[in-house]
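Comments concern the structure below.
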Protein chains: 2
Amino acid sequence: MNELTGTLKPLALLETMAALEHPATLAELAASADVPKPTMHRWLGALEAAGLLQRTPDGRRYELAPRAVRLAFSILNNRPSSTIRHEILQRVVEQVGESCNLTVLDGTEVTYLDRVESQWPLRITFQQGSRVPAYCSASGKLFMALMPPAKRDLVLQQSRLERLTDNTVVDQQVLLAELADIRRDRYALDREEFMAGLVCLAVPIFQTKGRIKSCVAALAIQAPVTRLNQTEILTKLPVLQEAAETLAATLNE
Amino acid sequence: MNELTGTLKPLALLETMAALEHPATLAELAASADVPKPTMHRWLGALEAAGLLQRTPDGRRYELAPRAVRLAFSILNNRPSSTIRHEILQRVVEQVGESCNLTVLDGTEVTYLDRVESQWPLRITFQQGSRVPAYCSASGKLFMALMPPAKRDLVLQQSRLERLTDNTVVDQQVLLAELADIRRDRYALDREEFMAGLVCLAVPIFQTKGRIKSCVAALAIQAPVTRLNQTEILTKLPVLQEAAETLAATLNE
DNA sequence: TTTAACGTTCCATTTTTTGGAATTTATGCT
DNA sequence: AGCATAAATTCCAAAAAATGGAACGTTAAA
């Protein structure tokens, strides 16, 4: 996990204290955080003054104070909708039995916002944060199909249509024709265009602001073609669409 | 309340975010914290890089991230404060003679923060794994009844109302009607809805932020219907309510 | 299309933080 | 009790970091 640096170092201390089994002394904490004692002294003093930490009755050890507990309840009470989204993804994986991911468009690439892997031994493991070119992925094509044409042309202009597999669409005219279909059907397929043996089905997640609907994210499942071919994967469309509806609700509320 | 200053200002921001109902934009946060936009930009960037905050899919708003939830559980699981709560639970068990537990809502499920068994005194069983669906447990229904309707709908939408016993409420309309009663009465019953032979009574623990009260945890007792039936268990209500008051006091003082 | 608001970058200035050394306080041992 | 030892605290000049006004892109609303 990313280390807390700079201004956040006292926050790292709070995290350390929360993980601790027993109250600890200044010297112990200074040693474990690898900072000089005067520094730790100041940090502890600040957190104590803030009411996040308090000293044990003997005055030599530090432990969490009520304000930290209040913060914890606040966090749980306001449980980020991202966790709710993750659960929705998990449910999709349970229902379709294949890996599922939530993506957004970032320039000419699609980035994985969240991802839940299927339990099959044979599976494609992407990780959260990884990126894939838009023109050869289901979600990417979906975004392009549903965005204003001017913007789409800009994205296309910046994309070099590189051949990644035998099925990759490298002709812009062919791609545009497919985008028109996708725009009509409201789903997109990746027919082994990015990676041989990998098929993918994506549906849009719309956000409504005022009277304008825009596709802000995409929900997709990925499967080895040996388990689900292009036709079979389409049977999962209803499940995906329903989940996308639920996901949209977490965005608009 | 003591103001967080100096190095702790980003921590104050985390507290603000935890208290927020909906994800907020940079401009809103800058205004509410009364700092220039570049400063807020840096703070948010630091917390985002640390994995404590993240942006909403549209990239324009910020909300809590999984690391914040982990921190919250870590704090609640921590000894000194949990010991105080545990003692209160023990007192309840002594008074009512039945098992008692403290729960928080986590998505569509209720998780046991602490539990004291009537048979085995002095036993702490914080099992991160022991979870129960919200729709068929006393505490779960309590949480749903007392949360903002929009959030409640989101939780309901995700809950599959599965029949676990003859008494499980699987009709959403019936459930909503009961939630209205619970909201009025400030207690909830589990009438053998989760497990045959097991009845349960739950009362809310409120946290007050400003003038807003929110139910952040629930205190409940469980009993075999043979020892306490639905009517008899209600005689324990005053004991529970008093203990809940005491627990709330440790949060709000 | 125009306009306004929002988000982001830049950088000289100001303000903190930092940590070695010294001082004070507490603890353990005989 | 008295000494030795370790921990906690204070001090302060050097070093590092945060700050925020101004300017620049970018996105959304009229």
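So you know, we letter chains A, B, ... as the sequences are listed, proteins then strands, and number each from 1.
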Please give, in whole Å, the distance from C:dC6 C1' to B:Glu28 CD? 11 Å
State which residues pass salt bridge (charged side-chain N to carboxylate O under 4.0 Å, His left out) with B:Arg42; sequence neighbours excluded, sorted by chain then number. none
For B:Asp58 and D:dT26, give me the distance from atom CG to atom P, rounded to whole Å. 18 Å
Applying side-chain hydrogen bond (donor to acceptor under 3.5 Å, both in side chains) to B:Thr25 and not counting sequence neighbours gives none
With each end axis built from five pairs of C1' atoms, what bend angle do you get for the helix from C:dT1-D:dA30 to C:dT30-D:dA1? Round to 10°. 60°
Out of D:dT27, D:dT19, D:dA7, minimum distance to the side chain of A:Arg60 belongs to D:dA7
Between D:dT19, D:dA7, C:dG7, which nucleotide gets closest to the side-chain atoms of B:Thr25? C:dG7
Length of the CZ-C1' vector between B:Arg61 and C:dC6, whole Å: 12 Å
Output side-chain donor-acceptor pairs under 3.5 Å for residues 158-167 of chain A, partner residues at least two apart or in another chain, one line each.
{"residue": "A:Ser159", "atom": "OG", "partner": "A:Val155", "partner atom": "O", "Å": "2.8"}
{"residue": "A:Arg163", "atom": "NH1", "partner": "A:Asp166", "partner atom": "O", "Å": "3.2"}
{"residue": "A:Thr165", "atom": "OG1", "partner": "A:Asn167", "partner atom": "N", "Å": "3.0"}
{"residue": "A:Thr165", "atom": "OG1", "partner": "A:Thr168", "partner atom": "N", "Å": "3.4"}
{"residue": "A:Thr165", "atom": "OG1", "partner": "A:Thr168", "partner atom": "OG1", "Å": "3.3"}
{"residue": "A:Thr165", "atom": "OG1", "partner": "A:Glu192", "partner atom": "O", "Å": "2.6"}
{"residue": "A:Asn167", "atom": "ND2", "partner": "A:Arg191", "partner atom": "O", "Å": "2.9"}

Given atom CE of B:Met40 and atom C1' of D:dG21, what is their separation to the nearest angstrom? 17 Å
Atom pairs under 3.5 Å, N or O on each side, protein against nucleotides 9-13 of chain D: can you list them with distances?
{"residue": "D:dT9", "atom": "OP1", "partner": "A:Arg55", "partner atom": "NH1", "Å": "3.1"}
{"residue": "D:dT9", "atom": "OP1", "partner": "A:Arg55", "partner atom": "NH2", "Å": "3.4"}
{"residue": "D:dT9", "atom": "OP2", "partner": "A:His41", "partner atom": "NE2", "Å": "3.2"}
{"residue": "D:dT9", "atom": "O5'", "partner": "A:His41", "partner atom": "NE2", "Å": "3.1"}

Go through the structure and list residues passing salt bridge (charged side-chain N to carboxylate O under 4.0 Å, His left out) with A:Arg91, not counting sequence neighbours. none
Distance-only side-chain donor-acceptor flag, A:Gln222 / A:Arg115, under 3.5 Å: yes
So does A:Glu245 have more than 12 non-hydrogen atoms from other groups sitting under 6.0 Å from CD? no
So, using salt bridge (charged side-chain N to carboxylate O under 4.0 Å, His left out) as the criterion, who are the partners of A:Arg183 when residues are at least two apart? none
Give a yes/no on whether any side-chain N or O of A:Trp43 is located under 4.0 angstrom from OP1 or OP2 of C:dT18. yes
Hits for side-chain hydrogen bond (donor to acceptor under 3.5 Å, both in side chains) against B:Asn78, two or more places apart or cross-chain, chain-then-number order -> none
How many whole angstroms separate atom CG of B:Leu44 from atom P of C:dC6? 15 Å
So, using side-chain hydrogen bond (donor to acceptor under 3.5 Å, both in side chains) as the criterion, who are the partners of B:Glu48 when residues are at least two apart? B:Arg55
